[in-house]
Every structure is written in structure tokens, then in C-alpha cells.
Protein chains: 2
Amino acid sequence: MTEYTDEVSFLAHYNRREFDAPLLTVDPVLFTYHEAQLKVLLVERSAYPERGLWGLPGGFVDMASDQNLEATAQRKLREKTSVTPPYLEQLYSFGSNTRDKRGWSVTVAYTALMAYQECAAHIETVSDAKWQPLDHLNNLPLAFDHRQIIEFARERLRQKALYSIVPAYALPEKFTLPELQHLHEVLLGKALQKKSFRRRIEDAELLIDTGEKRSDGNGRPAVLYRMKEGSGGYTFVRNLAE
Amino acid sequence: MTEYTDEVSFLAHYNRREFDAPLLTVDPVLFTYHEAQLKVLLVERSAYPERGLWGLPGGFVDMASDQNLEATAQRKLREKTSVTPPYLEQLYSFGSNTRDKRGWSVTVAYTALMAYQECAAHIETVSDAKWQPLDHLNNLPLAFDHRQIIEFARERLRQKALYSIVPAYALPEKFTLPELQHLHEVLLGKALQKKSFRRRIEDAELLIDTGEKRSDGNGRPAVLYRMKEGSGGYTFVRNLAE
DNA sequence: ATGAGTAAGTGTCTTAAAGACAATAAAAAG
DNA sequence: CTTTTTATTGTCTTTAAGACACTTACTCAT
């Protein structure tokens, strides 16, 4: 799908024919956790609609190279971060005749998580990409309905924090329980009981003790854990379905 | 979007140009509960791809009349059932270059629920639509990846049966608790504790006692309940987020 | 009428998991 | 070696689910 830098060149091409199908894009919402904050990856748009505004690192399906929607999401993320995130899950599809001024359009949104350190270096070399703290998203002008999509993704991630340790994918490979708990607290917007949190994770056997420890300088050092591979949904609530 | 009755007429038109975007459809999975069984609405395909096979009652977005994706789902369901279901929720989007022989295609699937009685009469007048019991879906040849989509929808509905009374939308407006419990048991594939089930629903104040009762002929008559309007997600598990 | 049969609905004890919070352990700094 | 700080554990309380016996309200046959 060709990109246009302004409205004139876009319309010059497209107005000549009837669209016979909605525009279709894929938009990943990539979260990470850094400096005690939740951050989202944004890209400055260089192409026609909403040019100059910040938006999600998405784009059109490349029918030649992408096998499926997830492949599109992965490709777009790789283009911006140079790596593929360890967590990628379809979020929701947003489609209407008002969300894009070009006409009827649909975007399939994905939620992705990865460690800040994994791609911070690469992102700093790219001038049109940045990690935006979610708490300072209010004033920033965003393209299309991307603010709503980010809100939606954040709310879903908040739900996951209630019954799983999926948010741990926003941390480095090795992390401490206090770190993970604080991330959950940021997501949920409230303090959690240390004991309950640890108990649930331990009972569910979701983590592996690496044997290593790390100190923040002050206080007793915390044990470093790693996620157990292939533990599926990383759920730690009792399954009522048994 | 024009429909074609066979491959020749389809290719005659479409092969002349490059597709510049994937095909986009909307496919609602409409469930109901009847004769102690879960049933899904299927239609016999009359148009080219997969012609003659049974499939979901979906179709293309009508860019002239549909405001958004949900409107498309509602319109397609209304075309087959003559009514709009009381429950409609987006399920998942399936997109790949293999699911439709015409090429790259995406479908946005919805889960819908409604009472059997609401549209049974209308469906019986339409020869190409039927309520298919989910237990007898194995042998039936289905179009595209519609079997997978139905499985996906059923699994999601099963999850909802664990922590909500959303399945109640597959029942008539007034229903009894034993009815609802049995529906949940069908979805979960296991018996539930009467007391626990009732306690959770009562504690969550999701239903209204209509004052009426209904007897199956045998035994004590059961109280008829109605869903409380606007109770949102109809969740009856304790919200860990408080 | 009346008692048997049946399914709806309730009481209550047990078990499982979360909340509260005090107590202990392991480090750094002086 | 004591204070400070943060991690980790112990344990009592509270809440919700499971198990299951019991009561209630109806139909039907006698």
C-alpha cells in the first residue's frame, strides 16, 4: 500500500475510483516498564493522514510477506525496535467510517510487552520514535483514535494484572518480586498486599528462582526470578473450571 | 462488494487487477440454548467461494450503510433472523493469506446470543438457515475457518460462564435458575453446585425476581427471573481490584 | 384428602484463598 | 555493633466456594 505525504497526492490517486473495501491496518501497542512508570512506544507520522502527530507503530498488511495478522504486528514492531517482543497478543479491532478521514477503515490492534533495555538503545537512534510515559499522554496530540486504543490496551493489561503475571513480560528476563509487584501496583493504581501477591505466584509455580540476588543499595537484597517457560497464560487464580 | 456464484465469474473480474488490500468480512457467531443444547446459527453459502457449504451468517462491510463493525454484525444477523440479538460482543479477528482461497483475507468475528424463541419462527421460513447443535458439528463440512471460529467463540463463552451470567442472553427474557445453571453446565461440561451457583448470583444482585413461577410438571415450581438492566458485564466474581 | 415422587430452594459445616499486619532476615551506612 | 532499610515469612482473620443434608411446593395416583 503506497503512502502519501499530503492530502493532494493522496486524493489525486484515490478519488479517481470507488473504494470497494475499507482500509485495513494493524496497530501494535507496545508497553514497557521503566523508572517506575508504564511507557508506550509512539512514532511520529511522516505520511499524509495525521502527518506530524504521534501514533502507534502500525501500518498496512504486506500481502507479499506477511502470512497473517500477527506477522504484520511483529514486522511493524521489528521495524521500529529491531527486535521481536516476547509477548504479543491481539487486543481488539476498531472499525468505522469516522476514525480515518480517508474513509471506512479498520485496524486490528495488538498488545505487546517487552523490556525497556531490550530496545532502548535502538530507539534512541531513531528520531521519530520514543517511549512515552502513560501518565503524560493527556496533552500529547495523537493520530486517529490511537488514544482510545492505548486506553483500551492499558485497561486489558490492568485486567491481566489481576489474575496473571503477564505484565512480567514488560520487565527484563531476570526480575525481583518487589519489581513485579510495583508494576502490578502501577497498573492497578493501588497498593497490593506483599504476602498475598507472593503467595499467589508461589502457589502457581510461575517463576524460577535464579539463585541470584540484587540489592538497590538499601536494605536486604531481593531474589532474582525468571519466568517459567511454556507456563501458558501465566494465570495465578484458582481455575473455577476444574 | 459484489458476490459471485462461481470461480469463473469471480476470477474474470478480479484477476484483472492487483488486490491492494485484504478482503474484509464480519462474521457473527450466534448461539442459543434450546432443548438442553447449545446451538449455533449457520447459513448455506450461495456465493462463489465455498458455495454449498455451511458457514457463519457474515459478510462484507456495507460502507454506505454501516457506521462501524458492530453495525455490520447486527445487520447481517438481522438479515437472517429479522431481529437484533440482545448480546453482541466482538470476539477476535482472523486474518491470513490461507483462510480464503481468494487471497489475503481478514474476518472480524463477533459472539452473539439470543433466545431460541425470538427467531425460531423466522428461521424456519428461510431454507438456507438453521440452528445447528454444537455437539453435532463434527461431521458437517464448514466453509473457510468457520469451525475454528465457532470453537473460539464457544471457548470464550465457556470462560464467561465461569465468572458472569452472560450466557443468560441465550435464554428467553424470563428464565429460572435451574435453567440458567444447566446452560452453564452445558458450557462448562461439568455439574455445578446448586448452592454455590445461586449464592454467587444472589450476592451479585444480577437478577430480578419477577414474582412468577413455572413448573415443568414435576416437582416444585421454579421462580422466574429477569436480568437486571444495565448491570454491565454481569460479573459475579469478587473483583480483586477494589 | 393423602401420601409418594420430584424438583426447587435453604442451612450449615468444611475447605480454600485472600487480607491484615506483626515478626524476622539480610544487607548498607555510620 | 547499632541503626536504617527493604525483603521475606508467620499466622490470625475474613471471605467465598464446595459438599451435602434438609425443607418446601408442586403433581399425580389412590
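Per chain, numbering begins at 1; letters A, B, ... match sequence-line order.
- Side-chain atoms of Arg199(B) lie closest to dT12(C) of the nucleotides dT11(D), dT12(C), dT8(D).
- We find that CZ of Arg200(A) is positioned 13 Å from P of dA20(C), with the value rounded to whole Å.
- Put simply, CG on Leu224(B) is 13 Å from P on dC26(D), counting in whole angstrom units.
- Ring geometry for Tyr92(B) against Phe94(B) counts as perpendicular: the plane angle is over 60°, on a 0 to 90° scale with 30° as the lower cut.
- Of the candidates dA27(C), dA18(C), dA19(D), dA27(C) carries the atom nearest the Pro221(A) side chain, counting heavy atoms from C-beta on.
- Separating the CG atom of Leu188(A) from the P atom of dG19(C) is a distance of 11 Å, rounded to the nearest angstrom.
- Side-chain N/O atoms of Lys195(B) and base N/O atoms of dG18(D) include no donor-acceptor pair closer than 3.5 Å.
- Remark: P of dA7(D) and CG of Asp216(A) are 6 Å apart, rounded to the nearest angstrom.
- A salt bridge links Lys80(A) with Asp128(A): at least one charged nitrogen is closer than 4.0 Å to a carboxylate oxygen.
- The distance from atom CG of Leu180(A) to atom C1' of dT8(D) is 15 Å, rounded to the nearest whole Å.
- To the nearest angstrom, P of dA18(C) lies 12 Å from CG of Leu162(A).
- Among the nucleotides dT5(D), dA17(D), dC26(D), the one closest to the side chain of Ser196(B) is dA17(D).
- Among the nucleotides dG9(C), dT8(D), dA20(C), the one closest to any side-chain atom of Arg220(B) is dG9(C).
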Start with the C-alpha distance between Gln159(A) and Glu155(A), add both sets of side-chain angles, then the distance that settles side chain to side chain donor-acceptor pair (under 3.5 Å), and finish with yes or no. CA-CA 6 Å; Gln159(A) 289 298 325; Glu155(A) 174 56 25; 3.1 Å; yes

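- Checking dT6(C), dT8(D), dT10(C) against every side-chain atom of Lys194(B), the shortest atom distance belongs to dT10(C).
- Checking Lys213(A) against Asp203(A), the closest nucleotide of DNA chain C that is more toward the 5' end is the one next to Asp203(A).
- Remark: P of dG18(D) and CD of Gln181(B) are 11 Å apart, rounded to the nearest angstrom.
- At the phosphate of dA19(D), OP1 or OP2 sits under 4.0 Å from a side-chain N or O atom of Gln193(B).
- In this entry the distance linking NE2 of His184(A) with P of dA18(C) reads 14 Å, nearest Å.
- Annotation: of the two residues near DNA chain C, Phe197(A) and Arg198(B), the 5′-most nearest-nucleotide partner is Arg198(B).
- Distance from the side chain of Ala222(A) is smallest for dT8(D) among the nucleotides dA25(D), dT6(C), dT8(D).
- A tilted orientation is assigned to the rings of Tyr116(B) and Trp131(B), their planes being inclined by 30° to 60°.
- We find the CZ-CG distance between Arg200(A) and Leu206(A) to be 10.5 Å, quoted to the nearest 0.5 Å.
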